[in-house]
Amino acid sequence: MTNTALAAAPLAPSAAATRKGHVALWAAQIVLGAFMIVASGVPKFFAVEAAVQNFDAIGYGDWFMYAVGVLEVAGGIALLIPRLAGLAATALTALMVGAEVFTWVYLETTFWYTPVILGAAFAAIAYRRRAETADLYRSVRAGTFTIRGVTS
C-alpha cells in the first residue's frame with residue numbers, strides 16, 4: 001500500500017476499543033437508569049417534600065407529579081433492556097427538555113443544569129443506540145417485535 005492509500009484508508013476501531021466503548025455505554029445506562037428510578041422517580045411516588053413543592057409551584061396538581069414519576073421509572077427500567085434502551089434514552093431526552101422548560105418558567109431554581117446534564121447524557125445514549133432504535137421501529141412495523149418470544 002502506498003502512503004496515499006494508507007492516508008485514505010478509514011481507521012476502524014480495534015476490537016478492544018469497541019468492547020470498552022460498549023461496556024462504558026452499558027455502565028452509563030445502568031447508572032442513569034438507577035438514578036432515574038431511585039433518585040428521581042420513586043421520590044415522586046412517595047410525595048417527598050421537595051418533589052411536592054416543585055410540582056405545587058408548577059400548579060398542575062399531584063397527578064402530574066405521579067405521571068412524571070411513572071415516566072421516569074419506566075424510562076429508567078427501559079434503559080436496562082437492550083431492545084428498548086435507545087427508545088428509552090430518546091424519550092428521557094424529551095422528558096429532560098420538558099423539565100428544563102418547567103424549571104425556567106415555573107421554578108426559578110439554581111439547579112437548572114441538572115436536566116441539561118441528564119438530557120445530554122440521554123441524548124448521547126440515544127445517538128449511540130440509534131441502530132437498535134431503528135431495528136425496533138422496523139420490527140414493530142413488520143409485526144415481528146418480540147421480547148422473550150412474545151410477539152406483538
ask   = Cluster question for you: counting only ILVMFWY and a side-chain heavy-atom cut-off of under 4.5 Å, with indirect links fine, are V31 and L79 together?
value = no
ask   = Cluster question for you: counting only ILVMFWY and a side-chain heavy-atom cut-off of under 4.5 Å, with indirect links fine, are F111 and L95 together?
value = no
request  = Report yes if the side chains of F55 and K44 come closer than 4.5 Å at any heavy-atom pair, otherwise no.
outcome  = yes
request  = Starting at OG of S40, measure out to CG of L71 and round the result to the nearest 0.5 Å.
outcome  = 10.5 Å
query = Can you check whether M36 reaches F122 side chain to side chain, under 4.5 Å on heavy atoms?
reply = yes
task = Tell me, yes or no, whether the heavy-atom count around R19 atom CZ, taken from other residues, nucleotides or ligands under 6.0 Å, exceeds 12.
result = no
Heavy-atom pair of closest approach, residues A126 and A89 = N-CB, 3.6 Å
note = Rounding to 0.5 Å, atoms CD1 (I58) and OH (Y106) come to a distance of 8.0 Å
task = Measure the spacing between CG of D56 and CD of E49 and express it to the nearest 0.5 Å.
result = 8.5 Å
task = State yes or no: are the ring centers of F64 and F102 separated by less than 6.0 Å?
result = yes
query = For V38 and P43, which heavy atoms make the closest approach, and how far apart are they?
reply = O-CD, 3.3 Å
Q29 side chain vs L80 backbone, donor-acceptor pair below 3.5 Å = no
ask   = Same cluster for V70 and I77 if Ile/Leu/Val/Met/Phe/Trp/Tyr side chains link at under 4.5 Å?
value = yes
ask   = Would you say V105 and V101 make side-chain contact, with heavy atoms under 4.5 Å?
value = yes
message = For F35 and L118: C-alpha separation, side-chain torsions, deciding distance, then whether side-chain contact (heavy atoms from CB on, under 4.5 Å) applies.
response = CA-CA 10 Å; F35 176 83; L118 289 172; 3.7 Å; yes
ask   = Do you know the tightest heavy-atom contact between L92 and G76?
value = CD1-N, 4.3 Å
message = Is any side-chain heavy atom of R83 closer than 4.5 Å to one of S139?
response = yes
key: Verdict with reasoning, F145 to L136, per side-chain contact (heavy atoms from CB on, under 4.5 Å)   = CA-CA 7 Å; F145 173 72; L136 175 65; 3.0 Å; yes
Trace of the side-chain contact (heavy atoms from CB on, under 4.5 Å) decision for L25 with R129 = CA-CA 9 Å; L25 183 61; R129 297 282 182 212; 3.3 Å; yes
task = Dump the intermediate steps for side-chain contact (heavy atoms from CB on, under 4.5 Å) on F45 and E72, then the final yes or no.
result = CA-CA 11 Å; F45 292 152; E72 289 174 345; over 6 Å; no
request  = Please report the shortest heavy-atom distance between N54 and L107, naming the atom on each side.
outcome  = O-CD2, 3.4 Å
Which atom of A88 lies closest to which atom of A78, heavy atoms considered = CB-CB, 3.5 Å
Y113 with M96, same ILVMFWY side-chain cluster at under 4.5 Å = no
inquiry  = Classify the ring geometry of Y60 against W63: parallel below 30°, tilted from 30° to 60°, perpendicular beyond 60°.
reply    = parallel
key: Value rounded to 0.5 Å, distance of CZ in R128 from OG1 in T133   = 13.0 Å
message = Please tell me whether V97 and W104 are part of a single hydrophobic cluster in this structure, the criterion being side-chain heavy atoms less than 4.5 Å apart.
response = no
note = I37 and V73 have their tightest heavy-atom pair at CG1-O, 3.9 Å
request  = Give a yes or no answer on whether the side chain of T93 reaches the backbone of A123 with a donor-acceptor pair at less than 3.5 Å.
outcome  = yes
